[in-house]
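The next block holds one structure in the form of structure tokens; read it before the comments.
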Protein chains: 2
Amino acid sequence: MTSLDATDRRILTILQVDATLTVADLADRIGLSQTPCWKRVKRLQDEGVITARVDLLDRERLDLALVVFVSVKTNQHEGQWLEAFRKASALPEVVEFYRMSGEIDYLLKVLVRDIAAYDRFYKRLIATAPLCDVSSSFAMEQIKFMTALPIHSI
Amino acid sequence: MTSLDATDRRILTILQVDATLTVADLADRIGLSQTPCWKRVKRLQDEGVITARVDLLDRERLDLALVVFVSVKTNQHEGQWLEAFRKASALPEVVEFYRMSGEIDYLLKVLVRDIAAYDRFYKRLIATAPLCDVSSSFAMEQIKFMTALPIHSI
DNA sequence: AATGAAATAAGATGCAC
DNA sequence: GTGCATCTTATTTCATT
């Protein structure tokens, strides 16, 4: 668990946007030669700073035009209810799932093809556990979306 | 713009979780030989179904423990206001930004180190344009997070 | 469209310094 | 950290089904 220096951060900043770069190109960009650059990447992977290398897909091309944020309130905070509701995270349409502070108890980000698909999802969702209040907000337009984390350069 | 067959979907399902697989391994998994498998991956990249290959990083290790969802309401729907507010998407802490239907006009997902960092962000946010109502919801626990899209197997 | 083999180019990985 | 050797994989080609 070494701490990350400025060079590590520069490597990460690049790789979280484009992981197709060769080690040689990456090394060039950060002003290192191949070997130390490669060793750093390897270390960042081994230490779990880099958790995965994945392909990102075009949502529209995969027939998932609709992004829905589902706010859930409950009045049942017993362990058993929670255990049941957590199973909602297994629903494939749920891509993000948070327990929240404040008014809303849980927030889900859901990807579906269209309203009809959302309705089918909704029925499965409310079947997982008794929910007090469920509110669905539909995205009309995605203005920004990035998987890259905002790395501060210290 | 060919449509995606079942094999394409199987390839995508795998690659959006692990893009480190060699073509040979990928081909094995889907029961193809290297050449046609490689050609499919290439086509999916060229056609823009695969939009990028990126590294995913550990949020905690990068000192971004706090996930905040910011709901924004406005009473100003003129083009000029909108243009100004859209500039908020340039703030690095904003990783997702949606125009919504219903009660909330805009929803932002924001990643910051802690409450103090969020407060600094918040001041910059409200400086971009006159906002009618801004409500911040903090995530206490991330129960699920995946960049992989829920691909339906038809 | 896919297969198998095979050749070449490119890149990753490891070693000597 | 650098430079180089080696090994692995990607990429292309081709004959075949």
Side-chain angles (χ1 to χ4, degrees), chain A residues 1-58 60-64 146-149 151-154, chain B residues 1-58 61-63 146-149 151-154:
Chain A
M1 278 296 168
T2 343
S3 73
L4 308 171
D5 67 12
T7 305
D8 286 336
R9 287 169 188 274
R10 293 184 62 200
I11 289 174
L12 295 171
T13 300
I14 293 170
L15 289 184
Q16 68 174 342
V17 172
D18 183 6
T20 66
L21 285 174
T22 64
V23 175
D25 286 343
L26 180 61
D28 267 352
R29 289 218 208 172
I30 60 172
L32 270 185
S33 58
Q34 285 197 31
T35 310
C37 179
W38 178 79
K39 280 182 182 167
R40 278 174 185 265
V41 174
K42 187 79 168 55
R43 175 173 51 76
L44 293 167
Q45 289 167 341
D46 292 344
E47 284 184 355
V49 178
I50 295 174
T51 57
R53 173 159 299 182
V54 302
D55 277 358
L56 301 181
L57 310 184
D58 185 284
E60 310 282 339
R61 286 287 273 122
L62 280 141
D63 242 341
L64 294 164
M146 49 189 295
T147 56
L149 307 181
I151 298 181
H152 34 281
S153 318
I154 304 189
Chain B
M1 277 297 169
T2 344
S3 74
L4 309 170
D5 67 13
T7 306
D8 286 336
R9 287 168 188 276
R10 292 183 62 200
I11 290 174
L12 294 171
T13 300
I14 293 170
L15 288 184
Q16 67 174 342
V17 172
D18 183 5
T20 66
L21 285 174
T22 65
V23 175
D25 286 343
L26 180 60
D28 267 352
R29 286 218 209 172
I30 60 172
L32 270 184
S33 59
Q34 284 196 34
T35 311
C37 179
W38 179 81
K39 281 182 181 168
R40 279 174 185 265
V41 174
K42 188 77 167 55
R43 176 171 50 76
L44 292 166
Q45 289 167 342
D46 292 344
E47 286 184 353
V49 178
I50 295 173
T51 57
R53 173 160 299 181
V54 303
D55 277 358
L56 302 181
L57 311 184
D58 186 281
R61 285 287 273 123
L62 278 139
D63 242 341
M146 48 190 295
T147 57
L149 306 180
I151 297 181
H152 33 281
S153 318
I154 304 191

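Residue numbers start from 1 in every chain, and the chains themselves are labelled A, B, ... in the order their sequence lines are given, proteins ahead of strands.
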Do B:Leu26 and B:Ile11 come within less than 4.5 Å of each other through their side chains, counting heavy atoms only?
yes
What integer distance in Å separates B:Arg53:CZ from C:dG11:C1'?
14 Å
B:Gln45 atom CD is separated from D:dA10 atom P, nearest whole Å, by 11 Å
Here the distance between atom P of C:dA2 and atom CZ of B:Arg10, to the nearest Å, is 13 Å
Starting the side chain at C-beta, find the nucleotide from C:dG14, D:dT12, C:dA2 nearest to B:Lys42.
D:dT12
Between A:Trp38 (CH2) and D:dT9 (P), how many Å, whole number?
13 Å
Between A:Leu4 and A:Asp8, the two heavy atoms sitting closest are CA-OD2, 3.7 Å
For atom CG of B:Asp28 and atom C1' of C:dT3, their distance in whole Å
14 Å
Going from CG on B:Asp58 to OG1 on A:Thr51, what distance comes out if it is rounded to the nearest 0.5 angstrom?
6.5 Å
Interatomic distance, A:Asp46 CG vs C:dT13 P [rounded to whole Å]:
10 Å
Side chain of A:Arg40 only, please: which of C:dA12, D:dG3, D:dG1 is the nearest?
D:dG1
Could you tell me the separation between the CG atom of A:Asp25 and the C1' atom of C:dG11, rounded to a whole number of Å?
10 Å
Starting from P on C:dT3, measure out to CD1 on B:Ile30 and report it in whole angstrom.
9 Å
If you pin A:Lys39 and A:Thr20 to their nearest nucleotides in DNA chain C, which one's is more 5'?
A:Thr20
Atom CD1 in B:Ile50, atom CD in B:Gln16: separation rounded to 0.5 Å?
9.5 Å
Nearest to the side chain of A:Val23, which nucleotide is it out of C:dT3, C:dA12, D:dT12?
C:dA12
Remember a base hit wins even if backbone is also touched, and classify A:Thr35 as base, sugar-phosphate or nothing at under 4.0 Å, heavy atoms.
base
